[in-house]
Asks: 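Submitted below is the structure of interest, expressed as C-alpha cells.
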Amino acid sequence: MDFQIPYGKQEISKEDVEAVKKVMTSDFITQGPKVTQFEENFSKYIGSKYSVCVSSGTAALHLSSLVLGVNKNSKVISSPITFAASVNSIHYCNGKVDFCDIDPDSLTLDIDQVRDKLMNSPLGTYSGIIPVDFAGYPVNMEKFRDLADEFNLWLLEDSCHAPGGYFIDKKGLKQNCGNGSFADLAIFSFHPVKHITCGEGGMVTTNNFELYEKLKLLRSHGISKIKNNMKNYDGGWYYEMTDLGYNYRMPDILCALGISQLKRAEKKLERRIQLANNYNNAFKNLDIKIPKIDEKNKHAFHLYVIQVDNRKALYDYLKKKGIHTQVHYIPIHKLPFYERLYGKQTFENSEKYYSKCLSLPLYPSLEEKEQEFIINEIKNFLN
Ligand SMILES: *Cc1c(COP(=O)(O)O)cnc(C)c1O
C-alpha cells in the first residue's frame with residue numbers, strides 16, 4: 001500500500017514559510033526582535049507572566065533544574081509514564097529521582113501515592129515534584145501546590161503535551177496548563193509532533209521574576225551585558241560572566257516560525273479535540289479503554305491513547321494497513337540506564353498501562369476519511 005498514516009505530523013503553512021524567509025534575509029537571524037516577540041506572545045497564550053525560549057524542551061528542563069537548585073543532595077518525585085527527558089535533567093545536575101505510580105484513569109502522577117511517600121519520609125528528604133500533563137490531560141496543579149507547600153517542595157510542570165489545556169480551580173477559574181499560577185516553572189517543547197513546532201525549540205514559563213532572570217542568564221553562557229548589573233564597567237564592549245551557563249538560545253529564524261504557528265494554535269487544538277471526540281464516539285461500546293475526560297476541564301490531546309488487551313497484535317495489524325501507531329511510553333524505570341541506576345523496580349499501574357497502551361494517529365491535518373479508515377480497521381481487528 002502506498003499510503004501511510006503516521007501517528008503524529010507537523011503542519012507548516014505558507015504563512016509559516018514566509019515568516020521564516022523574511023527573517024532569513026533580515027539583519028538578525030538569531031537573538032533579534034523575534035525572540036522577545038515569541039516569548040511575549042507565548043506568555044499571552046498560556047497566561048504566564050514570563051516566558052523564556054530555549055533550544056529544546058530538554059534544554060528547558062535542564063535550565064529549570066539548575067535554577068531550582070537541583071544538586072547531588074536533591075531527590076525529586078516524578079511519574080514513570082512520560083518521556084525520559086522529563087527526569088533526565090535531574091541527573092544532569094547529579095540529583096536523584098524517586099518514581100511514584102500513576103493514577104490508572106488520568107494516567108498522571110497519583111497525588112495520593114505522592115502524599116503517602118512524603119508522609120512516610122523524614123521532612124527534607126525530597127526537594128521537588130515534576131508532574132506531567134500526560135497526553136494533554138490537565139493535572140490539577142493547585143492540589144499539587146498545596147501538597148508541595150506542606151512539604152516545602154518546588155513544583156516543575158512538564159506541560160509539553162498540554163498547551164491550551166486547562167483545569168478548573170477551587171474558585172471556578174480556568175487555569176491553563178503551564179500558566180505559572182501554581183507551579184514554580186513549566187516547560188514546553190516545539191518538536192514536530194507537538195501542538196506547535198519550530199523544528200526544535202522549547203519554552204520555560206513562570207510567574208517568578210527571580211527565576212525568570214536566572215533562566216535568561218543561564219540560557220546564554222551566564223553572561224550579562226546589562227550595565228547596571230555589572231560589578232565593573234570598562235566600556236561599551238564590556239560583559240561579565242557571573243555563572244556557568246550554556247548556549248541554549250533559540251534563533252530568530254525559529255522564533256519567527258513559532259510566532260506564526262502560535263496564531264493557529266487554538267484552531268489546531270480544536271481540531272485535535274474534534275478528532276479525539278470522533279475516536280471516543282466510535283470506541284464507546286467496544287472492548288477498548290478510552291482516555292479519561294473531565295467535563296469541565298480541557299484535555300489538550302497531544303496523544304490519543306487507547307488501552308487494549310492484545311496491543312502488540314493490534315500494532316502489527318495496523319502497521320500492515322499503513323496505519324502507524326506508537327507506544328507512549330516504556331516506563332522510565334524499565335529503561336536500561338534507569339535500571340542500572342536504581343535497580344529493578346515495580347509500579348503496578350504503570351506496567352499494566354504499558355502492556356495495553358497504544359497511541360492512535362492524531363494531528364490537525366488528519367482527514368475524516370483517514371480517521372474512518374483507522375476506526376474501521378480497528379473494528380475489523382476486534383472482530
Ligand atoms: C517532547 C517532550 C520533552 C522533550 O522535548 P524536546 O524538545 O524533544 O527536547 C519532554 N517531556 C515531554 C513530556 C515531551 O513530550
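As the structure lists them, so they are numbered: ligands from 1, and atoms in each ligand from 1. Each residue takes its place number in the sequence, starting with 1.
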Asks: Answer with side chain, backbone, both or neither: which part of S56 has a heavy atom less than 4.0 angstrom from an atom of ligand 1?
Replies: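 The answer is both.
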
Asks: When you measure from the heavy atoms of S86 to every atom of ligand 1, does any distance fall below 4.0 Å?
Replies: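 Yes, that is the case, since the closest heavy atom of the residue is under 4.0 Å from the ligand.
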
Asks: With a 4.0 Å cut-off on heavy atoms, is K194 touching ligand 1?
Replies: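 Yes.
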
Asks: Say you draw a straight line from SG of C255 to CD of E39; how long is it, rounded to the nearest 0.5 Å?
Replies: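 Between atom SG of C255 and atom CD of E39 there are 7.0 Å.
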
Asks: Can K227 be said to sit on top of Y233's aromatic six-ring, NZ or CZ under 6.0 Å from centre and within 45° of the ring axis?
Replies: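 The answer is yes; both the distance and angle limits are met.
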
Asks: Can you tell me how far apart CD (E15) and CD1 (I259) are? Round to the nearest 0.5 Å.
Replies: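 Going from the CD atom of E15 to the CD1 atom of I259 covers 14.5 Å.
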
Asks: Any N or O of D158 that comes nearer than 3.5 Å to an N or O of ligand 1?
Replies: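 Among all N and O atoms of D158, at least one is under 3.5 Å from an N or O of ligand 1.
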
Asks: With respect to G57, determine whether any N or O atom, backbone or side chain, lies less than 3.5 Å from an N or O atom of ligand 1.
Replies: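 Checking ligand 1 against G57, an N or O pair does fall under 3.5 Å apart.
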
Asks: Can you tell me which portion of T82 lies within the under-4.0 Å heavy-atom range of ligand 1? Options are side chain, backbone, both, or neither.
Replies: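 Looking at T82 and ligand 1, just side chain atoms fall under 4.0 Å.
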
Asks: Using a strict 4.0 Å cut-off to heavy atoms of Y329, name the atoms of ligand 1 that fall inside it.
Replies: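 Close to Y329: 15 (O).
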
Asks: When only distance counts, is H161 in polar contact with ligand 1, meaning an N/O pair under 3.5 Å?
Replies: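 Yes.
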
Asks: Step by step, would you call R115 with D112 a salt bridge (Lys or Arg N to Asp or Glu O under 4.0 Å)?
Replies: CA-CA 5 Å; R115 186 180 292 107; D112 294 326; 3.1 Å; yes

Asks: Could you list the atoms of ligand 1 found under 4.0 angstrom from a heavy atom of T58?
Replies: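 Those qualifying, in numeric order: 4 (C), 5 (O), 6 (P), 9 (O).
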
Asks: Would you say the ring centroid of Y50 lies under 6.0 angstrom from that of F42?
Replies: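 Centroid separation for Y50 and F42: 6.0 Å or greater.
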
Asks: Heavy-atom distances under 4.0 Å decide this one: backbone, side chain, both or neither, for F188 against ligand 1?
Replies: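 Neither part.
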
Asks: Among S79, G202, S189, which one puts a heavy atom closest to atom 7 (O) of ligand 1?
Replies: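 Going through S79, G202, S189 one by one, S189 has the nearest heavy atom to atom 7 (O) of ligand 1.
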
Asks: Kindly work out whether a path of hydrophobic side-chain contacts (I/L/V/M/F/W/Y, heavy atoms less than 4.5 Å apart) joins Y248 to F188.
Replies: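 Y248 and F188: one cluster.
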
Asks: Between the side chains of E270 and K298, is the shortest nitrogen-to-carboxylate-oxygen separation below 4.0 Å, so that they form an ion pair?
Replies: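 Salt bridge between K298 and E270, a charged N being under 4.0 Å from a carboxylate O: yes.
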
Asks: Which one of E11, E266, E368 satisfies the salt bridge (charged side-chain N to carboxylate O under 4.0 Å, His left out) criterion with R271?
Replies: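 In the set E11, E266, E368, the residue that makes a salt bridge (charged side-chain N to carboxylate O under 4.0 Å, His left out) with R271 is E368.
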
